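This structure is a prediction, so every number in the text was calculated from the model and none was measured.
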Amino acid sequence: MTSKKSLFVLGATGGTGRALVEQALRRGHRVTAFVRSPEKLGPPREGLTAVRGDPRDADELRAALPGHDAVLSALGPPGIGPSTVVSDCARSTVAAMQASGVRRILMVGVAVLFEEGLVNAIARRTFLRNVAKDHAEMERILGASGLDWTIARPPRLTNGPLTRAYDVADGRMPEGTRFTISRADVADFLLDEVERPAHVRRIVGLASLKAPLRRAS
């Protein structure tokens, strides 16, 4: 039986973050959602604690972090324009974790940072160049942190249902997959990785399978 954990979720009011919170609660974990606007989470629920705060503020994070087993970040950029939101939040989160003794962190990145593929190369140099730059700096910060990190690089995210019909690969996109995945399936991978760590200090590609197969639950 999987032991229940206390999870600290950043970006909990976004699409992937909401899926993380819902699935974590269904799995019986305790969740702290560290958000700017707790009211967006809806009415109080058993197992969910909302903490108002700015994820770029290391002091606020440090005050809220003690007692948690892992940090899961689904924070993303506000758009495709110039931004340092993702890397700024990574920097403050790492500092707070190092100060509070929490070691496990899982973050959502972007598949466009994988070197293979002409589409990735074009996107990285054109319309997604700002997103790529911010996420690359986030990954550099995590890689130098000394923490037990995992970075999930999904391709285009959809609002589709949880299917578990996806695959993962270390350091590349898995073969035989589409260039999409649902936010619910990304959340499923992150929670599986919290419960049964298999990709510590690894960058992981994940995407929906072309064939209708399902991952074991």
Side-chain angles (χ1 to χ4, degrees), residues 2-14 16-21 23-25 27-41 44-45 47-78 83-110 113 131 133-153 186-187 189-204:
T2 302
S3 63
K4 305 310 178 186
K5 298 186 181 296
S6 182
L7 306 179
F8 192 87
V9 178
L10 300 172
T13 57
T16 304
R18 287 181 182 274
L20 267 174
V21 170
Q23 291 182 34
L25 293 175
R27 293 185 187 209
H29 299 301
R30 297 182 302 277
V31 177
T32 296
F34 187 87
V35 292
R36 290 174 176 271
S37 304
E39 60 275 8
K40 291 183 179 180
L41 293 169
R45 283 175 289 172
L48 175 62
T49 300
V51 175
R52 186 185 302 274
D54 184 345
R56 294 171 296 185
D57 190 316
D59 290 335
E60 291 184 1
L61 286 164
R62 185 165 56 246
L65 266 173
H68 291 88
D69 297 303
V71 175
L72 298 94
S73 175
L75 290 166
S83 173
T84 59
V85 167
V86 172
S87 54
D88 288 347
C89 292
R91 190 173 291 107
S92 59
T93 302
V94 164
M97 291 178 68
Q98 290 169 336
S100 61
V102 180
R103 293 199 51 79
R104 189 72 171 109
I105 179 168
L106 302 95
M107 296 194 78
V108 178
V110 287
L113 289 178
V131 172
K133 181 179 179 181
D134 194 18
H135 278 82
E137 176 63 7
M138 174 270 284
E139 293 189 358
R140 186 198 67 77
I141 291 166
L142 255 63
S145 68
L147 299 172
D148 297 329
W149 53 268
T150 299
I151 296 168
R153 287 183 182 175
V186 173
F189 166 76
L190 293 173
L191 291 169
D192 280 355
E193 180 65 19
V194 165
E195 295 172 359
R196 299 178 295 277
H199 305 275
V200 177
R201 298 189 181 180
R202 296 288 186 270
I203 293 172
V204 179

Taking the side chain from [X] and the backbone from [Y], do they hold a donor-acceptor pair closer than 3.5 Å?
X	Y	answer
Glu60	Pro55	no
Asp148	Val200	no
Thr93	Ala90	no
Arg201	Gly146	yes

I'd like to know whether Leu147 forms a side chain to side chain contact (heavy atoms under 4.5 Å, CB included) with Val94, so could you lay out the CA-CA distance, the side-chain angles of the two residues, the decisive distance to 0.1 Å, and finally the verdict. CA-CA 8 Å; Leu147 299 172; Val94 164; 4.1 Å; yes
If I take atom [atom1] from residue [X] and atom [atom2] from residue [Y], how far apart are they, to the nearest 0.5 angstrom?
X	Y	atom1	atom2	answer
Arg36	Thr13	CZ	OG1	10.0 Å
Arg103	Gln98	CZ	CD	9.0 Å
Gln23	Phe189	CD	CZ	13.0 Å
Ser100	Leu61	OG	CG	9.0 Å
Arg18	Leu20	CZ	CG	12.5 Å
Leu142	Ile203	CG	CD1	9.0 Å

What closest approach, in Å, do [X] and [Y] show between heavy atoms, and which atom pair accounts for it?
X	Y	value
Ile141	Ser87	CD1-O, 3.5 Å
Glu195	His29	OE2-NE2, 2.7 Å
Ala70	Leu106	CB-CD1, 4.5 Å
His135	Pro77	CE1-CD, 3.7 Å
Val21	Ala12	CG2-CB, 3.9 Å
Ala96	Ala58	CB-O, 3.7 Å

[atom1] of [X]: more than 12 outside heavy atoms within 6.0 angstrom?
X	atom1	value
Arg27	CZ	yes
Lys133	NZ	no
Arg56	CZ	no

Val9 and side chain to side chain contact (heavy atoms under 4.5 Å, CB included): which single residue from Val31, Leu190, Thr32 fits?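 Passing option: Val31.
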Mind checking whether [X] and [Y] have side chains closer than 4.5 Å, heavy atoms only?
X	Y	value
Asp69	Val194	no
Phe34	Thr49	no
Arg153	Leu113	yes
Pro78	Val85	yes
Met138	Leu75	no
Thr84	Glu137	no

Could you check Leu7 against Arg30 for side chain to side chain contact (heavy atoms under 4.5 Å, CB included), going step by step and ending with a plain yes or no? CA-CA 6 Å; Leu7 306 179; Arg30 297 182 302 277; over 6 Å; no
Full working for side-chain hydrogen bond (donor to acceptor under 3.5 Å, both in side chains) between Arg104 and Thr150: CA-CA 8 Å; Arg104 189 72 171 109; Thr150 299; 3.0 Å; yes
Measure the acute angle between the ring planes of His68 and Phe8, then classify it against the limits of 30° and 60° as parallel, tilted or perpendicular.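 Plane angle over 60°, so perpendicular.
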